[in-house]
Structure formats: structure tokens, C-alpha cells
Amino acid sequence: MPELPEVETMRRGIQPHLQNQRILGFDLREHRLRWPIPESLRRQLPGCVIRKVRRRAKYLLIDTDQGSLLLHMGMSGSLRILPNRTPAMAHDHWDLQLASGQCLRFRDPRRFGATLWIDSPGNSHPLLDKLGPEPLSDEFHAGQLFEKSRGRKVAIKNFIMNSRIVVGVGNIYASESLFMAGIHPSRQAQRISKKRYAALTQAIKEVLQKAIEQGGTTLRDFQQQDGQPGYFAQQLKVYGRDGKACPVCGQAIRKQVIGQRSSYYCAACQR
DNA sequence: CCGGACGCCTGTCGGC
DNA sequence: TGCCGACAGGCGTCCG
């Protein structure tokens with residue numbers, strides 16, 4: 001489910017509730033996620049004081065004075081801030097009990113998400129080692145994207161969804177960015193000029209930034225920490241709109257499977 | 001190294 | 001109404 005804007009929306013939503021909070025308990029109900037949740041967290045987390053909540057790619061890092069919780073939402077993960085002891089529903093896998101009387105609750109029906117522990121402040125994790133630049137940072141720019149694309153025959157949509165190239169661009173925002181830049185999603189990465197990479201870089205930054213401002217995209221079940229949806233779905237130009245009119249030229253939007261993922265584009269506007 | 005396919009899970013939706 | 005396959009916002013791993 002969540003791409004970078006949704007994860008960033010979660011970070012902003014939970015951060016004020018977590019900052020400087022002492023952790024009282026960790027109620028673990030289901031440890032079978034993508035990787036098993038360490039049972040040791042039951043004793044390691046109580047007593048920790050949360051410093052801040054960071055995001056790297058689609059990961060959230062809850063930094064404490066003892067170490068960091070590393071979270072990933074997979075396809076269906078979500079976080080809520082609730083009063084302690086709110087009855088748990090199916091797929092509510094754990095609660096982090098806070099001294100404030102609230103808890104952070106992790107829900108993930110498909111269990112593709114992750115909850116891991118980095119056991120010392122300042123340490124990293126192998127999952128974070130080979131990630132490319134943050135798309136909204138200055139390290140992500142046209143020159144960098146162009147250089148990495150030389151000799152790459154892969155479809156441009158797969159290329160920008162590759163987290164070694166740039167992080168945070170998932171299936172929705174890949175289609176939207178390519179539409180904005182006028183690039184056909186199955187074009188080979190090596191067959192795109194530097195000038196067009198400049199347009200694509202700008203499009204990725206703009207789409208992600210706008211989506212963050214709207215609180216992310218709610219297609220079916222994405223919720224912010226307070227239960228509110230994100231409102232960027234109203235601004236999607238092509239994603240999920242096959243058969244409908246292109247907002248620029250009116251031609252019907254097409255759907256094509258690229259790299260096992262549905263892709264949406266306008267054959268007239270994108271080449 | 002690169003590119004493509006697979007599998008991990010549950011829920012929902014459309015068609016018959 | 002019920003069943004069944006297709007599909008869903010991610011990504012590490014494996015194979016050629």
C-alpha cells in the first residue's frame with residue numbers, strides 16, 4: 001500500500017504523539033510478518049524513551065535512547081494512535097504502550113510489513129545499506145539519474161521503481177510521474193535523453209511533494225494515524241483510470257502490465 | 001552485473 | 001446467493 005508520501009504522512013502524524021515518550025510496554029500478538037518480530041522486544045522496549053521518528057525510503061525509524069525500531073508497511077500496513085487498551089481487531093499485530101496513556105498500534109492484514117530492531121543508537125541495518133537517494137533531496141537530480149541509466153535496457157517504469165536508483169517511488173507515483181514527464185512507461189532507460197531525465201526528475205519531486213501535501217493517496221484502505229484518508233486520489237491523472245479520457249488530450253488511457261505491475265499511460269502524450 | 005519471475009499473505013471485487 | 005480466479009499501494013531472493 002504505502003509509497004513514500006503515505007509513509008511520510010504517517011511519520012508526521014505519529015511523531016508529535018511519540019516524541020519524548022517513555023515506552024511502558026510492547027504488546028505483541030502476531031510475530032509472523034515478512035521477518036519474525038524479535039520476541040526480545042517485549043523486554044527491550046519498556047523503559048526506552050523515544051527521541052524522534054525518521055523516514056528513510058519507505059521505512060520508518062523510531063529512534064529511542066537504546067536503539068531504533070525499524071518499520072515497513074509492506075502492502076497493507078498502517079499505524080494508529082489510540083488510547084491504551086483499545087480492544088484489538090484482527091490483524092492488529094502489536095501495540096506500543098506509551099506513558100501518555102496512548103499507544104501506537106500496527107495493523108497489517110497481508111503481513112508483508114516488517115518490525116525489526118536496531119540495537120544501538122546511530123547504528124544502521126542491512127536493509128538500509130544499498131538504498132539510492134531520497135527523491136526529495138538534492139542528491140536526486142537529472143545528472144545522477146541519467147548516468148545510472150546508461151546501458152540499462154530495463155523499462156523506465158521499473159528503473160524508477162528500483163530502490164537502488166531512487167527510493168520511495170511505487171506503482172502509483174511511477175505512473176503519475178511518467179505521465180507528467182511525457183515518457184512512455186516501457187521505454188528503455190538507456191534510450192531517454194538527459195533533457196527528458198530533467199523533466200522526469202522534476203515530475204517525481206513534484207508528484208511526491210503534492211501527494212505529501214494532500215496526506216497521501218487513499219485508494220481503498222490507507223488511513224492516517226487518526227483514521228483520516230489521504231486526498232491525493234482526486235488528483236491522479238492516469239493511475240487506475242484505464243479507458244477514461246486523458247486529462248490533457250482526451251484519448252483513452254491505457255493499461256499495460258510492465259514488470260508484473262499494472263501501468264497506466266496515455267499513448268498520445270507519452271512516448 | 002543485469003533483467004525477469006516468484007513468493008510471501010489476506011481481502012475484495014467482478015463474472016458466471 | 002455462492003464460488004473462483006484475478007488482482008492489490010512492496011520487495012528480497014533466485015535463476016539464467
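- For CZ of R85(A), the number of neighbouring non-hydrogen atoms (other residues, nucleotides, ligands) closer than 6.0 Å is 12 at most.
- Annotated stems with DNA chain B as a participant read B:2-8 with C:10-16, B:10-16 with C:2-8, given as range with range, by first number; only runs of 3 or more Watson-Crick or G-U pairs under 3.5 Å qualify.
- Within 6.0 Å of CG on D129(A) lie more than 12 heavy atoms contributed by other residues, nucleotides or ligands.
- Donor-acceptor pairing under 3.5 Å is recorded for the side chains of Y173(A) and T217(A).
- The aromatic rings of Y59(A) and H72(A) lie perpendicular to each other, with more than 60° between the two planes, well past the 30° mark.
- Note on ring orientation: taking the six-membered ring where Trp is involved, the planes of H184(A) and Y265(A) are tilted (angle from 30° to 60°).
- One atom, CE of M75(A), and another, P of dC7(C), lie 13 Å apart when rounded to the nearest Å.
- Residue Y239(A) has a polar side-chain atom (N or O) positioned under 4.0 Å from OP1 or OP2 of dG9(C).
- Side-chain proximity of H91(A) to dA8(C), dG12(C), dT10(B): nearest is dT10(B).
- An OP1 or OP2 oxygen of dC8(B) is reached within less than 4.0 angstrom by no side-chain nitrogen or oxygen of R111(A).
- Dense packing is recorded around CZ of R150(A), with more than 12 heavy atoms of other residues, nucleotides or ligands lying under 6.0 Å away.
- Put simply, K58(A) has a side-chain N or O that comes within less than 4.0 Å of OP1 or OP2 on dG10(C).
- Mapping R164(A) and R220(A) onto DNA chain B by nearest heavy atom places R164(A) closer to the 5' end of the strand.
- Residue R34(A) places none of its side-chain N or O atoms closer than 4.0 Å to OP1 or OP2 of dG12(C).
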